[in-house]
Amino acid sequence: MNGTQKQNKALEGNPGMYRQCTILIVDDDENDIFFVKRAFTEINVHCAFQMLKNGQEVVDYLSGHGAYADRQKYPLPIMILMDLKMPIMDGFEVLVWLRARPGLKVIPTVVFSSSDLAADITRAYELGANSFMTKSVTYDGLLLKLQTLSQYWLEHCKHPNVGEADSSNSAVA
Amino acid sequence: MAGKTSILIVEDDAGDAYFLEKAFERVLANCAVHRVCDGEEAKAYLQGVEKFADRRAYPLPSVILLDLKMPRMNGFEFLAWLRGEPELKIIPTVVYSSSENPADIRKAYEMGANSFLHKRLSMNATQETMRSFARYWLEDCGRPPLE
């Protein structure tokens with residue numbers, strides 16, 4: 001059983017308990033990261049958060065490059081909350097990379113961007129985003145959005161096992 | 001959010017569908033809820049053929065709620081078809097299944113399900129899950145424009 005499978009076990013047993021889970025927050029704007037973190041703390045989400053500043057860092061983290069090889073310290077996440085417009089490698093490029101990785105492509109990835117352009121929303125879904133949320137301009141708005149998001153994903157959704165497991169023994173014919 | 005929202009339920013079990021429709025009646029205002037019985041019928045609905053030709057009566061859904069185990073065309077087969085359709089593949093599709101088999105959960109995500117909800121057994125629990133589902137997908141998420 002790998003780390004993420006253990007996390008999923010924890011989620012199955014106690015819908016309200018996700019203490020051992022890791023969520024990746026990817027954003028180049030330090031203010032946005034600060035408020036997202038504060039909001040998650042305020043709404044009592046007890047996950048570990050890993051903050052990354054651009055797409056290249058996501059690739060390095062998920063691939064276990066360099067310092068990220070230590071999966072105790074940098075576990076595979078149960079989900080990714082990611083901005084679109086970032087330097088070096090943007091959110092669209094991460095989606096393309098991620099959805100081509102057999103062991104990682106199932107990680108639920110929610111785009112969290114200030115854009116509300118139909119073209120951005122469509123492209124994100126086309127490239128395999130699990131959903132798209134537009135950032136709020138106010139802190140109260142942000143709080144409400146992240147509350148909806150964490151309730152939906154952490155209390156009601158089933159998450160896939162990430163890593164080496166495969167789906168070949170599905171019971172549905 | 002522009003436009004009226006609608007949900008397409010793909011569910012062969014009449015009892016499960018009844019719980020869902022009741023739950024949506026209670027938690028949603030101003031949202032059309034349509035139900036079809038299997039993947040084949042869902043396909044006909046989205047293509048707008050046969051009895052589904054009238055898009056005003058059968059609008060493209062804002063989000064699809066999809067059972068896995070169904071006759072004729074199951075949820076996985078439907079996902080495989082949907083994600084290959086250029087015009088339709090961006091419709092968010094949430095699997096709603098009683099399966100707790102990790103292989104089913106993983107396969108659903110692999111095949112492009114936007115998320116996986118565990119089917120609830122009671123009316124109250126169904127309502128609680130659907131309230132969260134509706135708030136998330138219909139109020140707080142950006143939806144791709146269709147047509």
Side-chain angles (χ1 to χ4, degrees), chain A residues 5 8-9 12 15 79 99 102-103 105-113 115-136 141 144-163 165-173, chain B residues 1-2 63 67-71 74-77 79 83 86-120 125-126 128-146:
Chain A
Q5 283 169 315
N8 280 325
K9 274 271 171 275
E12 280 163 22
M79 69 181 297
R99 295 315 185 210
K105 68 183 204 177
V106 293
I107 300 174
T109 303
V110 174
V111 168
F112 195 58
S113 161
S115 168
D116 59 359
L117 293 177
D120 285 341
I121 298 175
T122 300
R123 187 155 173 235
Y125 279 107
E126 275 174 353
L127 296 177
N130 290 73
S131 75
F132 190 110
M133 266 194 168
T134 300
K135 284 178 186 168
S136 301
L144 282 175
K145 288 216 167 186
L146 293 183
Q147 205 158 28
T148 309
L149 176 131
S150 35
Q151 190 189 50
Y152 179 77
W153 281 102
L154 302 176
E155 291 175 27
H156 292 286
C157 282
K158 292 277 179 186
H159 289 245
N161 289 332
V162 179
D166 69 50
S167 54
S168 54
N169 53 346
S170 159
V172 177
Chain B
M1 248 357 114
V63 55
D67 188 21
L68 282 184
K69 290 162 199 172
M70 297 179 292
N74 70 30
F76 291 131
E77 290 163 335
L79 274 173
R83 296 313 186 209
E87 303 292 316
L88 302 169
K89 67 177 192 182
I90 54 176
I91 301 176
T93 302
V94 174
V95 167
Y96 185 62
S97 166
S98 51
S99 171
E100 301 206 61
N101 181 346
D104 284 343
I105 297 170
R106 184 168 161 122
K107 189 173 172 188
Y109 281 99
E110 272 174 0
M111 299 192 69
N114 293 73
S115 75
F116 192 112
L117 284 175
H118 185 233
K119 197 177 270 184
R120 310 292 296 266
T126 306
E128 192 194 320
T129 297
M130 290 308 137
R131 179 176 284 118
S132 175
F133 166 90
R135 261 183 69 187
Y136 185 74
W137 288 104
L138 301 178
E139 289 173 29
D140 282 353
C141 278
R143 294 193 308 273
L146 297 167

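Below, each value reflects all heavy atoms present in this structure, side chains not excepted, and no hydrogens, waters or symmetry copies.
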Gap separating the CG atom of A/L127 from the OG1 atom of A/T109, nearest 0.5 angstrom: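 The OG1 atom of A/T109 is 11.5 Å from CG of A/L127, to the nearest 0.5 Å.
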
A/Q151 side, atom CD; A/Q147 side, atom CD - distance, nearest 0.5 Å: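 So the CD of A/Q151 and the CD of A/Q147 are separated by 7.5 Å.
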
Contacting moiety of B/V95, where chain A heavy atoms sit under 4.5 Å: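 Neither part.
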
Contacting moiety of B/A113, where chain A heavy atoms sit under 4.5 Å: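 Only the backbone of B/A113 comes within 4.5 Å of chain A.
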
With a 4.5 angstrom heavy-atom cut-off, which part of [X] approaches chain B: side chain, backbone, both or neither?
X: A/A124; result: neither
X: A/K145; result: both
X: A/V110; result: side chain

All side chain to side chain donor-acceptor pair (under 3.5 Å) counterparts of B/T129, not counting sequence neighbours: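 Counting only residues at least two positions away or on another chain, B/T129 forms a side chain to side chain donor-acceptor pair (under 3.5 Å) with A/H156, B/R120.
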
Side chain to side chain donor-acceptor pair (under 3.5 Å) contacts in which one or both residues fall within residues 123-133 of chain A, not counting sequence neighbours: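 Sorted pair list: A/R99-A/N130, A/S131-B/Y136.
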
Which atom of B/R106 lies closest to which atom of A/N161, heavy atoms considered: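 Closest heavy-atom pair between B/R106 and A/N161: NH1-O, 2.7 Å.
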
